[in-house]
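This report concerns only the one structure given below.
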Amino acid sequence: MSRVYNFSAGPSCLPEEVLRECAAEMLDYKGTGQSVMEMSHRSSAYEPIIEDAEATVRRLMNVPDNYKVLFVQGGGSTQFAMVAQNLGIRHKKAAYIETGVWAKKAAAEAKKLGVAVDIIASSKDKNYSYIPRVEKITGDYDYAYICLNNTIMGTHYEYIPDTGSIPLVADISSCVLSEPLDVTKFGLLFAGAQKNLAPAGVTLVIVREDLIPEPDDCLPGTPTMLAYKTHAENGSMYNTPPCYTIYVLGKVLHWIEKNGGAEGMARRNREKADLLYGYLDASDFYHATAEKGSRSLMNVPFLTKYSTGATDEASLAKEKEINSAFVKEAEAAGLVNLKGHRLVGGMRASIYNAMTLDGVKALIAFMDKFAAENK
Ligand SMILES: *Cc1c(COP(=O)(O)O)cnc(C)c1O
């Protein structure tokens, strides 16, 4: 068996130790004679698994008692609607900061549901390569919305906007538990698990209790399953939860705890990111696309010297050729899923919690060799 270094943006690599534990328990979970995949979610074997996952999220993120921790389905994308349906109910008006695809999609969904959306800042002018500075948000908004880490553009907020009494909502899908985060600054946080927490299938929602409306007070027509209250009142077991994914999530959380919690992850992630950005900034062959001061610790898009922005056919062909050679040769060297998102082009290395320092070192060694051969 040989494992590759997997730089996928999501679903993405998981700690090897966690995968081994899952494998060891696959056929017989703690003497039950069943796999966790097979057991009732109401069984005495399963209940402690979901309870422990919630308790571990609370410990690792210092979640105050007046916040609910929910496990729901539908991915980050369903949260775009749920946020609007549950929170956009008084003034039916919300403020969004537009920092790329995911923030845009969230705003579009709110609009579709009848919430008036104010785009109060945007980094569209420079292809979303930076995070706009918004010190203070005021107005009769039901909530203000940010995407804390922009997976595609490789940008990350280095500050939290002050919203006063307006609840701040943040999509933390691609940076959850990558560093400490002060939950009390937010009204609601959500994260699709498949970037930094678990396999696909579960979405973590952390929401302040007073912001959860009665299902009937949500926007008209909100289905039962899309009311936070439904999940909050039933311990995330109103219907069958994604049992196995939550079980793996629990294991990943324990792995994080064993490795120093959010602080430990931040140290590890900074070391990896500093190494990679340091290499990119010193290189005359590659460059990072995200501006300094807005750079993600998790997702690092980069271009080669052939990506000059020139749009004549010869330049585009050369750029395409060099990018596909990079991705192909990297894969042959055991470094996979490095193709960039089409909106940025070039390459992207996602270096989530589970990516090791050795993986980043192997990537840099490959990049150096590829640059020397293609100068
Ligand atoms: C991946 C991603 C999403 C979409 O998540 P799905 O679970 O695929 O719906 C939303 N926001 C961010 C920041 C993401 O990285």
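First listed ligand is number 1; within each ligand, the first listed atom is number 1. Count residues from 1 along the sequence. The basis for the numbers below is simple: all heavy atoms, side chains too, and nothing from hydrogens, waters or symmetry mates. Since we're looking at a predicted model, the values are computed, not measured.
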Check your understanding: Are Lys229 and Glu214 within salt-bridge range, i.e. N to O under 4.0 Å?
Key -> yes
Check your understanding: Stepwise, does the side chain to side chain contact (heavy atoms under 4.5 Å, CB included) test hold for Met367 with Leu276?
Key -> CA-CA 10 Å; Met367 287 169 72; Leu276 186 51; 4.1 Å; yes
Check your understanding: Can the ring centres of Phe326 and Phe366 be said to be less than 6.0 Å apart?
Key -> yes
Exercise for review: Identify whether the distance between the nearest side-chain nitrogen and carboxylate oxygen of Glu263 and Arg267 falls below 4.0 Å.
Suggested key: no
Quick one: ligand 1 N/O to protein N/O pairs below 3.5 Å?
unit_1, atom_1, unit_2, atom_2, d
ligand 1, 7 (O), Gly76, N, 3.0
ligand 1, 7 (O), Gln194, NE2, 2.9
ligand 1, 8 (O), Gln194, NE2, 3.4
ligand 1, 9 (O), Gly76, N, 3.2
ligand 1, 9 (O), Ser77, N, 2.8
ligand 1, 9 (O), Ser77, OG, 2.6
ligand 1, 11 (N), Asp171, OD2, 2.6
ligand 1, 15 (O), Thr151, OG1, 2.4
ligand 1, 15 (O), Lys195, NZ, 2.5

Check your understanding: Salt bridge or not for Asp140 and Arg90, using N-O below 4.0 Å?
Key -> no
Review point. Any salt bridge between Glu291 and Lys126, counting N to O under 4.0 Å?
Key: yes
